[in-house]
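This report concerns only the one structure given below.
All values derive from a computational prediction rather than experimental measurement. We use all heavy atoms of the structure for the numbers below, so side chains are in, but hydrogens, waters and symmetry mates are not. In what follows, chains are A, B, ... by sequence order, proteins preceding strands, each numbered from 1.
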There are 2 protein chains.
Amino acid sequence: MTIHDVEFPLAQPVSPLGTKERLIAAALSLFQAKGYHGVAISDILEATDLPKGSLYHHFPGGKEELAIAAVGFIADEVDARLASEFAKNKRAGAVLLDLAHECVNWLRRSDYTQTPLLGLLAASPGESALTQAICDAQKRWLARFEAALGGTEDAHDKACLALASLEGGISLARMARSSDLLIRSVTLAALHINQR
Amino acid sequence: MTIHDVEFPLAQPVSPLGTKERLIAAALSLFQAKGYHGVAISDILEATDLPKGSLYHHFPGGKEELAIAAVGFIADEVDARLASEFAKNKRAGAVLLDLAHECVNWLRRSDYTQTPLLGLLAASPGESALTQAICDAQKRWLARFEAALGGTEDAHDKACLALASLEGGISLARMARSSDLLIRSVTLAALHINQR
DNA sequence: GCCCCCCTAGACCGTACGGTCTAGCGTTGA
DNA sequence: TCAACGCTAGACCGTACGGTCTAGGGGGGC
């Protein structure tokens with residue numbers, strides 16, 4: 001037994017993420033940058049430095065199954081984030097602004113190539129399971145805001161404005177390569193949402 | 001000379017639109033439904049019942065040049081519409097709501113397959129001319145709202161919110177297959193924009 | 001020490017994509 | 001009547017895509 005066996009046991013991969021997770025992470029990042037149809041399987045394999053066999057082993061359904069997993073991942077991520085923020089009794093406007101700021105970091109870090117949420121993925125085939133997954137994610141996020149805003153009819157309206165200003169603002173900011181546009185629209189929306 | 005020569009002169013095409021216009025219209029419609037990468041040249045040819053030669057004669061630059069033309073078309077269309085509405089001294093919120101209602105008709109007519117504005121087209125390659133064209137369109141629309149709102153710093157914020165709520169609302173509504181979400185978010189945004 | 005099985009590895013396949021090229025039709029002007 | 005040209009027509013090409021399949025590598029259980 002050498003020191004290597006202790007410090008870097010071979011059974012544990014070098015990367016802390018498993019193969020499946022790495023595939024999901026790379027796929028999500030690419031889909032957010034170029035949309036579903038804009039990404040080739042080979043792009044994902046190149047990004048992860050993995051062979052085709054691995055991908056089709058973990059995702060027998062191929063590209064679409066991987067995309068659905070990626071959507072599910074980001075959906076859970078954001079949903080959990082919203083849940084924990086709202087659990088602190090934070091006001092909805094403040095949570096929205098926080099989320100927007102995180103999106104800004106995301107945009108800047110990727111030099112405005114990535115779309116932080118699901119905006120680009122929407123360019124998916126009509127009645128597919130992928131569309132359904134995206135739809136579910138949006139519903140969950142909407143429901144979080146709605147519940148935090150009191151569950152009234154007015155709360156539903158405000159929740160819609162919150163998500164719309166976020167997704168729309170991201171789109172504007174990405175195109176203009178200026179996070180300003182996102183901050184401006186979301187700040188205004190947050191203002192409106194916070195008033196009784 | 002027969003009656004046919006008078007009633008249906010051969011020189012005039014059956015369709016009121018020229019070949020180039022038909023290509024642009026079909027391309028725009030398809031791109032709005034499936035995004036740039038989701039549409040094949042053959043889809044456009046099938047929709048117009050035109051051969052490849054015609055497309056590459058009118059658009060030597062191929063798919064991207066056609067897409068840029070389509071973006072320019074919708075950009076001009078919306079820009080002109082905004083200009084004429086604002087020329088009547090209509091309030092910005094009212095104009096925004098009108099535009100949203102037209103988008104709703106668009107969504108319904110296409111059974112929620114199309115994205116009325118440019119949201120989906122954004123899934124384009126990074127630094128291409130197409131991205132630039134989309135960016136220009138958004139800038140022009142933003143400027144229209146900004147000018148109508150007085151050109152102040154606050155006006156810029158409100159213009160951002162207007163476009164963001166519109167684009168974001170469209171995205172929400174399309175996924176949920178319910179125009180409600182668009183109307184709700186835009187109504188709330190319009191309310192905020194109209195107050196001094 | 002052996003086998004078994006999970007996962008990696010990548011050659012391979014059919015297809016459909018974007019784009020090119022030449023032929024020919026029909027209208028226009030002389 | 002004919003020449004010239006704008007546009008249509010579609011066969012054709014190289015490539016890159018999504019997906020399949022078989023072989024092999026390497027730990028873990030016995």
Side-chain angles (χ1 to χ4, degrees), chain A residues 1-2 4-6 8-15 17-24 26-27 30-31 33-70 121 123-125 128-130, chain B residues 1 4-6 8-24 26-27 30-31 33-70 121 123-125 128-130:
Chain A
M1 181 187 255
T2 75
H4 296 99
D5 297 327
V6 178
F8 308 105
L10 285 173
Q12 196 176 339
V14 175
S15 161
L17 267 53
T19 301
K20 198 167 181 177
E21 285 71 30
R22 277 169 60 206
L23 282 167
I24 290 177
L30 283 165
F31 285 141
K34 309 204 259 177
Y36 181 74
H37 295 291
V39 176
I41 295 280
S42 60
D43 294 337
I44 298 168
L45 298 178
E46 201 173 326
T48 53
D49 202 29
L50 247 31
K52 240 175 201 186
S54 300
L55 194 154
Y56 281 93
H57 172 78
H58 292 288
F59 303 96
K63 192 180 179 184
E64 191 178 14
E65 187 181 343
L66 177 52
I68 290 170
L121 262 294
S124 57
S128 68
L130 175 55
Chain B
M1 178 187 257
H4 296 97
D5 297 328
V6 178
F8 307 106
L10 285 173
Q12 194 176 340
V14 175
S15 161
L17 266 55
T19 301
K20 198 167 182 178
E21 285 73 30
R22 277 168 61 205
L23 282 167
I24 290 178
L30 283 165
F31 285 140
K34 308 205 258 176
Y36 181 73
H37 295 291
V39 176
I41 295 280
S42 61
D43 293 337
I44 299 168
L45 298 178
E46 200 173 327
T48 53
D49 202 29
L50 246 30
K52 237 173 206 191
S54 298
L55 194 154
Y56 281 92
H57 171 78
H58 291 289
F59 302 96
K63 192 180 179 183
E64 191 177 14
E65 187 181 343
L66 177 52
I68 290 171
L121 262 294
S124 57
S128 69
L130 175 54

request  = Calculate the interatomic distance between F31(A) atom CZ and dG18(D) atom C1'; express it in whole Å.
outcome  = 12 Å
ask   = For I41(A) and dG18(D), what is the distance between atoms CD1 and P respectively, to the nearest whole Å?
value = 5 Å
Check: protein-nucleotides 22-25 of chain D nitrogen or oxygen pairs below 3.5 Å:
none

key: L45(B) CG - dC17(C) P separation (whole Å)   = 11 Å
Counterpart residues, side chain to side chain contact (heavy atoms under 4.5 Å, CB included), relative to E65(A) (two or more places apart) = F59(A), P60(A)
Tabulate below the donor-acceptor pairs under 3.5 Å that side-chain atoms of residues 48-56 of chain B make, not counting sequence neighbours, or state none.
| unit_1 | atom_1 | unit_2 | atom_2 | d |
| --- | --- | --- | --- | --- |
| T48(B) | OG1 | I44(B) | O | 2.9 |
| T48(B) | OG1 | L45(B) | O | 3.3 |

key: From dC17(C), dC7(D), dA9(D), nucleotide with atom closest to P51(B) side chain   = dA9(D)
request  = Please determine, for the side chain of T19(B), which listed nucleotide (dG19(C), dG18(D), dT8(D)) has the closest atom?
outcome  = dT8(D)
task = Examine dC17(D): is either OP1 or OP2 under 4.0 Å from a nitrogen or oxygen in the side chain of S42(A)? Give yes or no.
result = yes
message = Rounded at 0.5 Å granularity, tell me how far CD1 in I68(A) sits from CD1 in I24(A).
response = 11.5 Å
remark   = To the nearest angstrom, the CD-C1' distance between E46(B) and dG10(D) comes to 15 Å
request  = Could you check which residues of residues 52-60 of chain A get a heavy atom under 4.0 Å from DNA chain D? Sort them by number, please.
outcome  = K52(A), Y56(A)
